[in-house]
2 protein chains.
Amino acid sequence: MAQRKVISFENIRVACRNCTLSQLCLPMGLVAEDVDRLDGIIKRSRPMHRGDHLFRGGERFRSLFVVKTGSVKTYAPSSEGGEQVLGFHLPGEIIGLDAIEKDCHACSAKVLETSAICEIPFHRLEELASSIPSLQHQMFRLLSKEIGHDAEMLLLLGKKNAEERLAAFLISMSKRLSKRGLSATDFYLSMSRHEIGNYLGLAVETVSRLFTRFQDEGLLNVDRKHVQVLDLRSLEGIAGIVQAEDHQQHSN
Amino acid sequence: MAQRKVISFENIRVACRNCTLSQLCLPMGLVAEDVDRLDGIIKRSRPMHRGDHLFRGGERFRSLFVVKTGSVKTYAPSSEGGEQVLGFHLPGEIIGLDAIEKDCHACSAKVLETSAICEIPFHRLEELASSIPSLQHQMFRLLSKEIGHDAEMLLLLGKKNAEERLAAFLISMSKRLSKRGLSATDFYLSMSRHEIGNYLGLAVETVSRLFTRFQDEGLLNVDRKHVQVLDLRSLEGIAGIVQAEDHQQHSN
DNA sequence: CGCTTAGTTGATTGGGATCAAACGTAGTGG
DNA sequence: CCACTACGTTTGATCCCAATCAACTAAGCG
């Protein structure tokens, strides 16, 4: 039993490395020793369940969180009781970057399904970044990536119609899941239609109708939360993603 | 003449400090020596004119830019020739943070009126941040602030109607200008109606009609690009900004 | 097995886009 | 200086996409 526990702990460590640290380390080399130092400040938490909060708006900011398995949504209360879903966070993705500035969380983060979450105390991460330049650089890149992603969302909400939005959402899910080694064409959506609609700036009914339409058009198979993408290429076309190597007619 | 030039140069240095550095230094203390080191890596550029580009999408990322005077818009090409205006940048604000990740600019930055722009070579800033922990912290805060601002925009584009969007835009301009010592109620908009509409996800005509309506309702005086805010409070009400200290009825 | 919540489908409506046209305003060159 | 052009802005008329309203079905759950 004791033996098993040790093995289990090691497995967690390995899993956590693969998942938590890759965002910070993968793109370019931290030496093994630095990875160990980084690994040393990461707190593993017990599994969290649907509806649990990582943090709520207004709370003091202490840590960043990394999704190891499962999924999390972040959302901000809008005036008049409603809320705006700001994002869905899949394994390997980081949560809480927006709270650094005010030292206080402006949004809330709620677990969508049973999930394993790592916690990284931010002040310790900052200390480490001070002494490891490449880690500092990775952190700048991480923050910057979030800004770039937000810009894509601004374009989506500002310029795209309902169909394009849902297609872009599905493509995004597909890409992010496949990046983590999961299927790009067969996955479960852990969020409700309502949450998808909220995120995309659409009514629930519109989302539902579009799922039906995509299915009718042979782009998807949808059964409840289970999605099978049948025609990724067409979906990308709808989402307005231009294939770089394809024929470009309107080169402007 | 030589004398005058020296004075002028010093004035520029002082102006540049007040303006460029405040974003990086103001919130908490860098010691004077560190401010000098930071000041040392900032490049002053000659005035730029309407239509000039700070950078274009696809270019290699080398520097961040800070608006000293004037204004700049950033925009990304959307598929099918259109473009999405990502932001308007007023004095004291930083441009280019989204390019850190890919080491390449994803959007373009175009000067809206005659402007003075400072350039900060990013790799030198990173070096400096490594050796000045409080500067590193300021930079994290800066990036984080951008993410927070983007989240506000997501809420605006996802949940607010045309009227609320334009009101929010005007309030934002008012606040940001007054933060720089300019009037909060009397200012010139350097961007066209078309650019405002693009930014807010609205058609030009809608923006124009709303300006007219706000004027009819006694909220504004508008003459071309000149805006006088007559009723800031009501405008904030429309924008959905809840006054904290006012009576809260629906505390939920 | 009721009860509640999530999801689907249909009917209707409305806000803002689009189309169309007039009107400055700025710039350009004769 | 004024005609000419081009562009930005305003205003009006019409249309359409997606929201809303409404009814129903399917799941989850105590």
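These values consider heavy atoms only, across backbone and side chains, with no hydrogens, waters or symmetry-generated copies. Each chain gets a letter, A, B and so on, in the order its sequence line appears, and its residues count up from 1. Computed from a prediction, not measured in an experiment: that's the story for all the values here.
For the pair B/Lys225 and D/dT9, the criterion of a side-chain N or O lying under 4.0 Å from OP1 or OP2 is met. Within the structure, every side-chain polar atom (N or O) of B/Ser208 is placed at least 4.0 Å from both OP1 and OP2 of D/dG8.
Annotation: side chain to side chain contact (heavy atoms under 4.5 Å, CB included) contacts of A/Ser192 (sequence neighbours excluded): A/His194, A/Glu195, A/Lys225.
An end-to-end axis angle of 40° holds for the helix from C/dC1-D/dG30 to C/dG30-D/dC1, taken from five base pairs per end and rounded to 10°.
Contacts of B/Ala203 with the nucleic acid, taken as non-hydrogen atoms under 4.0 Å apart, include base atoms.
A/Cys107 contributes atom SG, which lies 4.0 Å from atom CG of A/Asp98 (distance to the nearest 0.5 angstrom).
In the interface, the side chain of B/Arg209 is paired with the base of D/dG12 through a donor and an acceptor atom under 3.5 Å apart.
The heavy-atom pair separating B/His226 from B/Asp186 by the smallest distance is NE2-OD1, 2.8 Å. Closest non-hydrogen pair, B/Leu232 versus B/Ser174, comes out as CD1-OG, 3.8 Å. Closest of all the heavy-atom pairs between A/Lys68 and A/Cys118 is CD-SG, 3.7 Å.
Taking atom CG of B/Leu210 as the reference point, atom P of D/dT11 lies 12 Å away to the nearest angstrom. Between A/Leu157 atom CG and D/dA19 atom P there is a gap of 12 Å when expressed in whole angstrom units. Rounded to whole Å, atom P of C/dT8 lies 11 Å from atom CG of A/Leu166. Nucleotide D/dT11 holds its C1' atom 16 Å from the CZ atom of B/Phe211, rounded to whole Å. When the P atom of C/dG14 is taken as reference, atom CD of B/Glu163 falls 17 Å away, rounded to whole Å. Straight-line distance from the CG atom of A/Leu189 to the P atom of C/dG7: 10 Å, rounded to whole Å. Here the C1' atom of nucleotide C/dG16 and the CG atom of B/Asn161 are 10 Å apart, to the nearest Å. In this structure, A/Leu112 atom CG and C/dA6 atom P are separated by 13 Å, rounded to whole Å.
Each of A/Thr206 and B/Met191 has a nearest nucleotide on DNA chain D; the 5'-most of these lies closest to B/Met191.
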Please list every donor-acceptor pair under 3.5 Å in which a side-chain atom of residues 200-209 of chain A meets a protein atom from a residue at least two apart or in another chain.
none

Side chain to side chain contact (heavy atoms under 4.5 Å, CB included) assessment of A/Leu219 paired with A/Asp231: CA-CA 5 Å; A/Leu219 302 174; A/Asp231 189 347; 3.9 Å; yes
Residue pair A/Leu177, A/Leu90: steps toward the side chain to side chain contact (heavy atoms under 4.5 Å, CB included) verdict: CA-CA 8 Å; A/Leu177 289 167; A/Leu90 305 182; 3.9 Å; yes
Residues B/Ile94, B/Phe65; criterion side chain to side chain contact (heavy atoms under 4.5 Å, CB included); working and verdict: CA-CA 6 Å; B/Ile94 295 193; B/Phe65 295 89; over 6 Å; no
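Here A/Arg176 pairs with A/Glu93 in a salt bridge; the nearest charged N to carboxylate O distance falls below 4.0 Å.
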Letter per nucleotide, 5' to 3', of nucleotides 22-30 of chain D [B base touched, S only sugar-phosphate touched, - untouched; heavy atoms, 4.0 Å]: -----S---
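The stretch residues 192-202 of chain B touches DNA chain D through B/Ser192, B/Arg193, B/His194, each having a heavy atom under 4.0 angstrom from the strand.
For the side chain to side chain donor-acceptor pair (under 3.5 Å) condition, the pairs that include at least one residue of residues 212-222 of chain B, sequence neighbours left out, are B/Glu163-B/Arg213.
Tested against B/Leu157, the residues A/Leu154, A/Leu155, A/Leu156 include a single side-chain contact (heavy atoms from CB on, under 4.5 Å) partner, A/Leu154.
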